[in-house]
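Start at 1 and go down the list; that is how both ligands and their atoms are numbered. If you're wondering where the values come from, they're calculated on a predicted model, not measured in any experiment.
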Amino acid sequence: MAKILCVLYDNPVDGYPNSYPRDDLPKLERYPNGQTLPTPSAIDFTPGALLGCVSGELGLRKFLEARGHTFVVTSDKDGTNSVFDRELADAEIVISQPFWPAYLTAERIARAPKLKLAITAGIGSDHVDLQAAMDRKITVAEVTYCNSISVSEHVMMMILSLVRNYIPSYQQVIAGGWNIADCVSRSYDLEGMQVGTVAAGRIGLAVLRRLKPFDVGLHYTDRHRLSAEVERELNLTFHPNVEDMIKICDVVTINCPLHPETENLFDEAMIGRMKRGAYLVNTARGKICNRDAVARALESGQLAGYAGDVWFPQPAPRDHPWRTMPHHGMTPHTSGSSLSAQTRYAAGTREILECWFDGRPIREEYLIVDGGHLAGAGAHSYSAGDATRGSDEAARFRN
Ligand code: NDP
């Protein structure tokens with residue numbers, strides 16, 4: 001029997017909810033590219049329940065304990081004395097989420113001799129040292145597509161809220177004010193702007209589709225080009241590299257995974273090539289943007305706004321400059337963890353576990369690393385190497 005160690009974010013401050021604002025979720029059959037939603041044999045939770053926090057347990061306890069496994073759930077993940085660090089020694093499977101990542105560095109992997117499977121309950125497995133996982137032949141899998149549309153909706157919200165100056169205008173109301181001039185002196189229309197995405201995978205393409213009715217110029221860059229049919233349908237301009245695209249864009253949205261090729265991609269020099277007053281929206285991964293270069297660009301006016309929900313490390317230390325820099329629209333890492341998305345990634349995690357225990361292959365599209373190599377979605381979208389360096393700093397949040 002296996003020990004499964006699951007790291008989830010903390011419960012709500014006021015305790016686990018016993019009611020929700022809505023009674024049901026829309027029923028989806030397939031993702032936009034035709035891929036089926038997760039297909040576990042059963043689920044032991046109510047769709048729409050809060051599953052991603054410690055008490056939600058991804059709805060997995062009954063299923064795992066009925067099969068005789070040990071299931072440990074904790075939010076205490078950072079530092080050498082954390083529950084995660086202590087329990088890792090004899091864990092066979094680790095489940096973690098990008099929102100509250102249990103960083104599986106090479107050192108931790110070395111201290112987990114029984115570890116065979118690392119599941120990301122979500123998308124983006126950069127919190128695992130993928131090189132170390134390959135070297136140890138640990139399988140890494142994620143629930144591909146489970147929250148891609150959730151994120152694309154968040155990107156739309158952030159682009160509009162930056163360009164229209166929504167957050168400061170909302171704050172006027174809360175503060176009892178009515179100074180229209182203060183609200184609109186940074187407010188523009190999105191219409192007619194040039195908007196570009198770094199990567200046109202599941203999220204990037206969904207963002208392009210959602211932007212189309214706003215009558216903007218649409219641009220993208222990616223390692224693989226979209227079909228001519230899609231380019232025509234959305235009237236897209238393809239750029240062979242990021243530099244080429246960003247110099248003409250008013251808004252740039254980042255939708256590629258974090259891997260050695262994309263780490264620190266938006267450094268001082270890259271941001272310096274953008275149009276003065278451009279907006280940058282990053283819901284991909286914090287480390288793709290240089291922390292201090294972003295803050296400086298907002299202060300100097302090189303960027304008119306920056307928004308996103310991804311930080312490095314997570315949780316972000318309380319003195320992280322992105323909490324206090326001007327003209328930002330940051331949230332904690334929430335875009336992919338709506339109640340709708342939680343239902344899908346909890347079911348997808350169960351599907352992966354059922355396959356693992358029953359000796360059936362995990363879907364190709366869920367695989368990131370398998371048999372010592374990048375595999376499935378990982379082989380398509382990642383490059384080999386490690387992007388976890390510096391993650392120890394996450395321990396500072398609790399201090
Ligand atoms: P996909 O795998 O569908 O798309 C990723 C795309 O990035 C692929 O088209 C890939 O290209 C492209 N890409 C990879 N490297 C580069 C590069 N160096 N330059 C340009 N393009 C590149 O994944 P999703 O769209 O579903 O998710 C993308 C990322 O978004 C995730 O990896 C994760 O980091 C983040 N994410 C964030 C969430 C949140 O809650 N904020 C939730 C979900 C995801 P190709 O495959 O053509 O080689």
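Regarding atom 46 (O) of ligand 1, its nearest protein heavy-atom neighbour is His380 ND1, 2.5 Å. The closest protein non-hydrogen atom to atom 37 (C) of ligand 1 is Thr283 O, 3.2 Å. Protein heavy atom closest to atom 28 (C) of ligand 1, with residue, atom name and distance, is Asn255 O, 3.5 Å. Counting only heavy atoms of the protein, atom 19 (N) of ligand 1 lies nearest to Arg223 CG, 4.0 Å. The nearest heavy-atom contact from the protein to atom 2 (O) of ligand 1 is Ser381 OG, 3.1 Å. The protein heavy-atom contact nearest to atom 4 (O) of ligand 1 is Gly201 CA, 3.4 Å. Of the protein's heavy atoms, Ile203 CD1, 3.4 Å lies nearest to atom 27 (O) of ligand 1.
The N/O atoms of Thr221, backbone and side chain alike, include none that comes under 3.5 Å of an N/O atom in ligand 1. Between Asn147 and ligand 1, not a single N/O pair is under 3.5 Å apart. Annotation: Gly336 places an N or O atom under 3.5 Å from an N or O atom of ligand 1; distance criterion only.
Across all non-hydrogen atoms, the minimal contact from Pro315 to Asp78 is CD-OD2, 3.9 Å. Contact record, Glu231 with Phe238: OE2-CB, 3.8 Å, taken as the closest heavy-atom pair. Considering every non-hydrogen atom in both Gly48 and Leu25, the closest pair reads N-CD1, 3.5 Å. The two residues Val195 and Cys249 come nearest to each other via the heavy atoms C-SG, 4.1 Å. Here the closest heavy-atom approach between residue Asn11 and residue Cys53 is recorded as OD1-SG, 3.2 Å.
A cation-pi contact, defined as under 6.0 Å to the ring centre and within 45° of the axis, is absent between Arg67 and Phe357. Figure legend: Arg202 and Tyr145 shown as a cation-pi pair, the cationic atom lying under 6.0 angstrom from the six-membered ring centre and within 45 degrees of its axis.
The option from Ala284, Ser337, Pro257 that lies nearest to atom 32 (O) of ligand 1, judged by heavy atoms, is Pro257. Summarising the contacts of atom 22 (C) of ligand 1 with Ala377, Cys256, Ser383, the nearest heavy atom is found in Cys256. Nearest to atom 9 (O) of ligand 1 by heavy-atom distance, out of Asn282, Val310, Asp222, is Asp222.
Remark: ligand 1 atoms within the under-4.0 Å shell around heavy atoms of Ser148 are 26 (O). In summary, the atoms of ligand 1 found under 4.0 Å from a heavy atom of Val151, numbered by their order in the structure, are 38 (C), 39 (C), 40 (O), 42 (C), 43 (C). The contact set between ligand 1 and Ala199, taken as ligand atoms under 4.0 Å from a residue heavy atom, comprises 6 (C), 7 (O), 12 (C), 21 (N). Remark: ligand 1 atoms within the under-4.0 Å shell around heavy atoms of Ile123 are 26 (O), 31 (C), 33 (C), 43 (C), 44 (C). The His224 neighbourhood of ligand 1 comprises atoms 45 (P), 46 (O), 47 (O), 48 (O), with distances under 4.0 Å to a heavy atom of that residue.
Of all the heavy atoms of Glu261, the ones lying under 4.0 Å from any atom of ligand 1 belong exclusively to the side chain. Proximity of Thr262 to ligand 1, defined as any heavy-atom pair under 4.0 Å, is confined to the side chain (atoms from C-beta onward). At a heavy-atom cutoff of 4.0 Å, ligand 1 is contacted by both the backbone and the side chain of Arg202. Neither the backbone nor the side chain of Leu265 has any atom closer than 4.0 Å to an atom of ligand 1 (non-hydrogen atoms only). Neither the backbone nor the side chain of Val242 comes within contact range of ligand 1; no heavy atom lies under 4.0 Å. Of the heavy atoms in His333, only side-chain atoms (C-beta onward) come closer than 4.0 Å to ligand 1.
The aromatic rings of His239 and His219 sit tilted, their planes meeting at an angle between 30° and 60°. Ring planes of Trp100 and Phe397: perpendicular class, angle over 60° (limits at 30 and 60°). Using a 30° and 60° split on the angle between ring planes, Tyr103 and Phe312 fall in the perpendicular class, above 60°. The aromatic rings of His333 and Phe99 lie perpendicular to each other, with more than 60° between the two planes, well past the 30° mark.
For Arg209 and Glu233, the salt-bridge test passes: some basic side-chain N is under 4.0 Å from an acidic carboxylate O. One finds no salt bridge joining Lys247 and Glu243 here, because no Lys/Arg side-chain nitrogen approaches an Asp/Glu carboxylate oxygen to under 4.0 Å.
Look at His259 and you'll find a heavy atom under 4.0 Å from some atom of ligand 1. Residue Phe99 places a heavy atom less than 4.0 Å from ligand 1. The closest approach between any non-hydrogen atom of Gly122 and ligand 1 is not below 4.0 Å.
To the nearest 0.5 Å, atoms OG1 (Thr70) and CD (Glu87) are separated by 9.5 Å.
Defined by atom type and a distance below 3.5 Å, a donor-acceptor pair is missing between the side-chain atoms of Thr105 and Asp129.
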### Query
What do the steps show when you test Thr39 against Arg363 for side-chain contact (heavy atoms from CB on, under 4.5 Å), and what is the final call?
CA-CA 11 Å; Thr39 51; Arg363 290 190 206 199; 3.6 Å; yes
